[in-house]
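All figures in this text were calculated on a predicted structure; none of them were measured in a lab. Below, chains carry the letters A, B, ... as their sequence lines are ordered, and counting in each starts from 1.
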There are 2 protein chains.
Amino acid sequence: MKCIFCNNTETKVVDSRESEDLTRRRRECLICQKRFTTYERAEDPQVYIIKKDNRRELYNRGKLKGGILKACEKRPISLEKIDIGINKIESKLRTLENNEIQSKLLGEEVAKMLKQLDKVAYIRFASVYREFEDIGDFKKEIQILSKRRG
Amino acid sequence: MKCIFCNNTETKVVDSRESEDLTRRRRECLICQKRFTTYERAEDPQVYIIKKDNRRELYNRGKLKGGILKACEKRPISLEKIDIGINKIESKLRTLENNEIQSKLLGEEVAKMLKQLDKVAYIRFASVYREFEDIGDFKKEIQILSKRRG
DNA sequence: AAATAAGACACAATATATTGTGTTTACTCT
DNA sequence: AGAGTAAACACAATATATTGTGTCTTATTT
C-alpha cells in the first residue's frame, strides 16, 4: 500500500480493527514514518441504476451515502446505523436478477430505511428524491408520520 | 469481514493482490463458502468541496470518479491511469491548509489531469463542469487543442 | 461544562495473509 | 474474430497482521 504522503510503496500495519462490514487499518510508511488510515470493504454491488432519462449509471456506495448523509445532517443518527442500513440495501441490490434497478425504486428503499432511523431525515430525503412539488407534500407526509407514532 | 451473501462474520482470504494504491482480496465465507472481493484503500482526504451555492460537502472519491468515468466512456483510457490521476489530485487535496476547496478549482484540476490522458474525455468533462453555453465553446476548446498537437 | 463516542497509540501472544508462478475465463476494443 | 487486459483460481514457502486490554486525545452533543 502506497504511502499517501511520500508515495513510497512499503508500509506496515500498526493497528487494525474490524467491525460489521469493514476493517480499518492504521498504517505507517517504512520510509517517512508518517501514518495514515485505510479501509477494506466489500466491492460495490455491480448494478446499474436507471435514471429518469433512461441513462444507466453504475451503483456507487459513496454517492448514495453522500445523499443519505445530507439528509441526516445534524440528526442524532450514528454513522454505524447508516452503514448497516446501506448494507441491507446493498444485499437487496446483489439479489437483483438483471443487475439493474430504477433510481426511483432505489430511492424508495432508502426512504424505507431512513423511516426506521429518523423521521426528519426521512422527510428530507423523500423531499428530494420524490421531488415534492410544494410544501403541501411535506405536510401530508408529516401527517402520515404523526398518526403512526404520536 | 462479514460475508455479503449469508451475513456470517467469519471469512478468510484466499488471494490478495496489491497494486499502486489498493489491495484487492478475494475472500471466502467459512460458513456458506461463497466468495467475494474486497478492496483496501487509503481513506478519502477530509476536505470540504464548496459548491456554487456555497454549500459544503465532504469530498468523496467515488463521486468524483463517477464523473470522470462518464467523461471517459468508450475512450481508450485504462482504469489504472484514471486511478493514478485521481491519486495525484487527492495528494493536492491533502495539502490544502484550510481543508476546503471550491468545486470549480477541483474541476480545473480534473480537467488538467484529463487533458494529459485523452482530449475527448477532457472536452466532455470540461463541457459539464464549466457549463459550456453553446457549441461555440466546444469549437473554441477544440481549436486550442488542435493547435497544440496537430 | 460534562458526558459520550470515535480514533489513535502501545504491547504482547497467536493466527492468518502474502507473493511468485502459472492457468483459465470473461470482456472490450480494433 | 483476434488481441489484449483484468480477474479468478490453485498451491507452496514465508512474512506479517490480528486482537484483547488499556490509556489518551479530540470532537460532538446536551
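One finds no salt bridge joining A:K63 and A:D44 here, because no Lys/Arg side-chain nitrogen approaches an Asp/Glu carboxylate oxygen to under 4.0 Å. At a threshold of 4.0 Å, the pair A:K112-A:E108 does not count as salt-bridged, since none of the basic side-chain nitrogens sits closer than that to a carboxylate oxygen. A salt bridge is defined here as a Lys NZ or Arg NE, NH1 or NH2 lying under 4.0 Å from an Asp or Glu carboxylate O, and B:E28 with B:K34 fails to meet this definition. Between B:K65 and B:D83 there is a salt bridge, since at least one side-chain N of the basic residue sits less than 4.0 Å from a carboxylate O of the acidic one.
The interatomic distance linking B:R25 (CZ) with D:dT18 (P) rounds to 7 Å, in whole Å. In this entry the distance linking CZ of A:R27 with P of D:dT16 reads 12 Å, nearest Å. As rounded to whole Å, 13 Å separates atom C1' of D:dT5 from atom NZ of B:K81. Atom CG of A:D83 is separated from atom C1' of C:dA6 by 14 Å (rounded to the nearest Å). In this structure, B:L58 places its CG atom 15 Å from P of D:dA27, rounding to the nearest Å. Taking atom CD of A:E28 as the reference point, atom P of D:dT16 lies 14 Å away to the nearest angstrom. One can place CZ of B:R26 at 17 Å from P of D:dA6, the figure rounded to the nearest angstrom.
DNA chain C lies under 4.0 Å from at least one heavy atom of each of the following residues of residues 35-48 of chain A: A:R35, A:T37.
No hydrogens or angles considered: nothing links the side chains of A:T38 and A:R25 as a donor-acceptor pair under 3.5 Å.
In terms of phosphate contacts, B:S16 brings a side-chain nitrogen or oxygen within less than 4.0 Å of OP1 or OP2 of C:dT18.
Of the candidate nucleotides D:dA8, D:dT19, C:dT18, D:dT19 has the atom lying nearest to any side-chain atom of A:D15. The side chain of B:V13 has C:dT18 as its nearest neighbour among C:dT18, D:dT19, D:dT18.
Place A:R24 and A:R17 on DNA chain C by their nearest nucleotides, and A:R24 ends up nearer the 5' end.
With a 6.0 Å cutoff to the six-membered ring centre and a 45° limit on the axis angle, B:R56 counts as a cation-pi contact of B:Y48.
Of all heavy-atom pairs spanning B:E100 and B:V47, the tightest one is CA-CG1, 3.9 Å.
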